[in-house]
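Everything numeric in this text was worked out from a predicted model, so none of it was measured.
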Amino acid sequence: MALTDSKSDLEKDLDVDPIGALLSAHGLRRTSAARLVLGWLLAHPETSYTHAQLQAALGSQEDTGDDASLERGTLYRLIDRLTQVGLLLCRVDGNRIRRYQAMPASLHATPHFECQSCHRDSSLTGALRATANDLERAALNALEALKALGYQGMSMDFAVRGVCADCATGSYAAKEGMSS
């Protein structure tokens, strides 16, 4: 009698190659560009990037093993595909600029604070404990009302924008300077 391994193929892939497994599970090819982009965003989950910021950050990663850098058009298409399958979150900031970050594990109309200086996202769920349930209920009611009117494919985002305490006091810039 042969012993069977209790882990599924997906679980084995996640152990060996978590980024590749995520790409495959979402129907995407495991290209080096896809691995690079998704890997970078997963490694920096609290920061949202514009296309240009992401390209600059990835361009500074010379350890990709590829001779060619990631072309602008390739990055645009890849970001679009990763967003379409739900691996990236796309938000439009106060200046109407698209910002991308790895999709938070539990995103369900959660209120968050977007720092306009360092572009970190912070959940406000803890700070708004008493009103978080009211906000979620209001969001669900609004979505249901729009659905009844025939609207489709909706999502909702509660964002407060400003400058975080770290940036306001200069401590974030000091931390970043020490880590470079």
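Two residues are said to be in side-chain contact when any heavy atoms from C-beta on lie closer than 4.5 Å; Asp17 and Arg35 meet this criterion. In this structure, the side chains of Cys164 and Ser117 stay at 4.5 Å or more apart for every pair of heavy atoms. Counting heavy atoms from C-beta outward, Gln55 and Arg72 have side chains that approach closer than 4.5 Å. The shortest distance between side-chain heavy atoms of Leu28 and Leu22 does not fall below 4.5 Å. Annotation: side chain of Gln53 is in contact with side chain of Arg99 (closest heavy-atom distance under 4.5 Å). For the pair Met103/Leu88, no side-chain contact is recorded, criterion being any heavy-atom separation below 4.5 Å from C-beta on.
In this structure, CG in Leu75 is found 5.0 Å from CG in Leu70, a value given to the nearest 0.5 Å. For the atom pair Tyr100 OH and Leu54 CG, the distance stands at 10.0 Å (nearest 0.5 Å). Annotation: the span from Leu78 atom CG to Thr31 atom OG1 amounts to 6.0 Å, rounded to 0.5 Å. Taken to the nearest 0.5 Å, the NE2 atom of His26 stands 9.5 Å off from the CG atom of Leu38. Atom OH of Tyr76 and atom CD of Glu71 lie 13.5 Å apart (nearest 0.5 Å).
In terms of heavy atoms, Val163 sits closest to Cys167 at CG1-CB, 3.6 Å. The two residues Leu23 and Arg30 make their nearest non-hydrogen contact at CD1-CA, 4.0 Å. Of all heavy-atom pairs spanning Ile19 and Gly39, the tightest one is CD1-CA, 3.3 Å. Of all the heavy atoms in His51 and Ile79, the pair that sits closest is CD2-CD1, 3.9 Å. Among all heavy-atom pairs drawn from His44 and Trp40, the shortest one is ND1-O, 2.8 Å. Residues Arg29 and Ala34 share a closest heavy-atom pair of O-CB, 3.9 Å.
Taking the six-membered ring for Trp and the full ring otherwise, Tyr49 and His119 have centroids separated by 6.0 Å or more.
Distance alone, capped at 3.5 Å, places no donor-acceptor pair between the Arg161 side chain and the Glu114 backbone. Ser24 places no side-chain N or O within donor-acceptor distance of the main-chain N or O of Ala21, the cut-off being under 3.5 Å. In this structure a side-chain-to-backbone donor-acceptor pair under 3.5 Å is present from Gln101 to Pro45. Of the possible polar contacts, none joining the Glu144 side chain to the Asn141 backbone as a donor-acceptor pair under 3.5 Å is found.
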